Amino acid sequence: MRWSSIVGKVQVALCVTLCGFMWGCASAPEKSADTVVRIRCWTMWSGGEEKAFQAVLDRYNETHPGVRFENLGSVNDEKTVRALVAGAPPDVFTVSDPSYLGALAANDAILPLDDLFGKSHLKTDDFTRASLSQARYNGKLYAMPYLVDCIGLLWNKKVFREAGLDPERPPQTIEELEEFCRKITRHGSDGRLTRIGLRPPDGVNLLALYGGGFFEPATGRITANNPRNIEAATAFKALMDAQGGYEAVQGFAAGFANEQGGYNSFYVGQAGMAFTGQWNTYWIAKYKPDTEYGVAPLPYPAAHPERKGTLWLGGNFFCIPKESRHPKEAWDFLVWTQSLEAQRLLADSLHGVPNIRAALKLRSLREGEPWRVSFGKFMDLSDSSNATHFPPMPVAALYLSEINSAIEAVGYGRKTPEKSLSDTQERVQREMDRYR
Amino acid sequence: MRTNSRKTFLSREQRLGLWFISPWLIGFVLLTLYPILATLYLSFTDYRVLSPPRWVGWANYRELLLDTENFWPSLGNTVFFFLELPLALILGLALALLLNQKLRGMTIYRTLFYLPSIVPVVANAMLWLWLLNPEHGLVNTGLRAVHIPAPAWLASPLWAKPALIVMDLWAVGGSMVIYLAALQGVPTSLYEAADLDGANAFQKLVSVTLPAISPVIFFNLIMGVIGTFQYFTQTFVMTKGGPDKATLFYALYLYQNAFQYFRMGAACAMAWLLFLVTLAATFLVFKTSAGWVYYEGER
């Protein structure tokens, strides 16, 4: 009796507290008296980028009376996931790590956008091919891209000259890349590296060059250890060995300064080449304008010339939660982000590559300051038929981590490429099977 | 409420007491006990966080125990890290013995040796990233100056774990201070008695000092065992498990499963395995302690 009365009191107290708490949470973003719909928008951008996006939102709010988008910046994916699980998600949000997209889609946490897309004026052909395929899972569209990042090859012309290479000619094939690396790499009098040819690339980027693919959506089969990927892992080892071995290269690379700044290893010539993105064109102009460099597509394997013009894509994606309270308003905003005005606004301040084909032709993005010419090269490459990306899939985070481990194990010589990628295959397939 | 007029199971004071501690009780039940029990249930489910858990029986446990790529290496790395325990124990004790001498300016030395342990773990990690930098780090610059081959430390699968151990030993001041406090509590009468018996310094250390502070050594050992099993922050900040999984510690792999791979069920199973292993190890230390830990009250 007494216990139940205590428990009763505790329950009452708890309910009161929880109700008060929930009321406090829920009341804020509802319609206010002047019937402006407030939309809660969570984004990954922080600092200067957050300000850039806020300017875009301000523009939208100005031109769209009746809605008011309120941005919360610096949100990481884990926070969004917790909010989704708790049933208190924002109305629209960005995925900062694209590998989360597949998991969100496979677990039914975000709205498929095909119907809305079909009813809008948007057409698939308006988009660069890979920007939209990155947002699809199981044939359905789950996100809207808003600018993409393009990874291509940057080469330092001064370093090329010093190595006796033609400064105007980047390596075309991977075999040539290896040869250039060997020529560029230098050791000091004590045998330590003082310059390498290629900054160690992400394993997954190297695999992408061979076009072996990672996943067959139709069968749900992981293809980590297909022959092309094994070739790629073998090439990775050869590339690192050409520069003094993976451990030496990693030790040397550990001494590199922050990428954002005047001491970027590529800008100062510690590495003659890098697989890196379009943001460097702006950074170089800002931090080390005397860097002489060129932009090229990633090299292709000589045996597979159809891989010419390969480019690796990442992107900014907006999703609408299943439980968004204002999906229509959120979608209207996403449609607007595909307009020329919105693409130009953000591309100009955030230095991402537009994902709308018409915006790639905007002269204001590729003319004017000298660095915009190099930026334009990235824009040209972004619609290449060999522009590629990691496939959206529920186990993407695990898969990417396993690929990087596999490539590392090959680099350090602990495993053969076959063994390493077969281990990845088995591990990730087992995980993927849980989603069937 | 007029319940106190009736015959009650709990006295008025007991109920008042319960009311006063109720914020803590509620917090404990809701925020600690419930999650702990929930992880036990979840460890038997396929729980991807974004969708409801699905019962799978022992599958998570079976899969973990068969996983020779990540689970066992992560446990192996963690067990390797137990090398640090005796080193930290001996170093902490040795420093405490030195700092227990009666010399001028001792308080300054004590402060200096204790100082590193008040540096926050993350700040400490960032600092050591610089010190151990294979190219520009102070450690390798020093080694090169005396023509000793300089390893790549955190970029080398062979040297990454030793590097972390060295880094942790730098912050040994925390346990040192506890030893120091214990040393000062050893009754001088025991030393006087030993002097009368003609004991030398080493004999006094082994026969008087160590037995007298054995409860404190025991305490540091237990905390060390538990702390080693939970080793996480340094590797999370510095190496993320690399190079080549050399610093993939158990707690880091657990974290990756829970928060990066959407494998919360497996992560919960790992947490329970960790709990059982820690329990067993602590129990073992407790069992052996009867033979070497002396409490004053017992005699």
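No experiment lies behind these values; they were computed from the predicted model shown. Convention: sequence-line order gives letters A, B, ...; per-chain numbering from 1. Because only heavy atoms are used, hydrogens play no part in the values below, and waters and symmetry mates are left out as well, while side chains stay in.
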What option among [options] has the most heavy-atom pairs under 4.5 Å with chain A?
options	answer
T68(B), N133(B), L248(B)	N133(B)
E63(B), Q260(B), R48(B), R263(B)	R48(B)
G241(B), A152(B), S156(B)	S156(B)
R144(B), K240(B), Q256(B), H136(B)	R144(B)

Counting neighbours of [atom1] on [X] that are heavy atoms of other residues, nucleotides or ligands and sit closer than 6.0 Å, is the number greater than 12?
X	atom1	result
L138(B)	CG	no
Y263(A)	OH	no
W42(A)	CH2	yes
Y41(B)	OH	yes
W55(B)	CH2	yes

Quiz item: Got E247(A) and P157(B) here, is their nearest side-chain heavy-atom distance under 4.5 Å?
Solution: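 In short, these two side chains touch, coming nearer than 4.5 Å.
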So which atom in [X] and which in [Y] form the shortest heavy-atom distance, rounded to 0.1 Å?
X	Y	answer
Y255(B)	E78(A)	OH-OE2, 3.3 Å
P134(B)	A254(A)	CD-CB, 3.6 Å
V49(B)	V85(A)	O-CG2, 3.4 Å
A397(A)	Y261(B)	O-CE2, 3.9 Å

When [options] are compared by non-hydrogen pairs under 4.5 Å with chain B, the top option:
options	answer
V81(A), L84(A), L193(A)	V81(A)
R427(A), Q250(A), E402(A)	R427(A)
S99(A), A409(A), A109(A)	A409(A)
Y246(A), F256(A), F252(A)	F252(A)

Toward chain B, the part of [X] with a non-hydrogen atom under 4.5 Å:
X	answer
A103(A)	both
E431(A)	side chain
Y399(A)	neither
I407(A)	neither

Quiz prompt | Region of D46(B) that comes under 4.5 Å of a non-hydrogen atom in chain A | solution =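 Contact with chain A is through both the backbone and side chain of D46(B).
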Self-check item: chain A contact via N140(B) - side chain, backbone, both or neither, heavy atoms under 4.5 Å
Solution: neither
Quiz item: Does the cation-pi check pass for R434(A) over F262(B), that is, NZ or CZ under 6.0 Å from the six-membered ring centre and within 45° of its axis?
Solution: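 Not flagged: R434(A) not positioned over aromatic ring of F262(B).
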For the atom pair [atom1] ([X]) and [atom2] ([Y]), what is the distance rounded to the nearest 0.5 Å?
X	Y	atom1	atom2	result
E426(A)	D67(B)	CD	CG	9.5 Å
L158(B)	Y412(A)	CG	OH	11.0 Å
L398(A)	N257(B)	CG	CG	8.0 Å

Quiz item: Thinking salt bridges, do E408(A) and K245(B) make one under a 4.0 Å N-O criterion?
Solution: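 So E408(A) does not pair with K245(B) through a salt bridge.
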Quiz item: Is E69(B) salt-bridged to K415(A), cutoff N-O under 4.0 Å?
Solution: yes
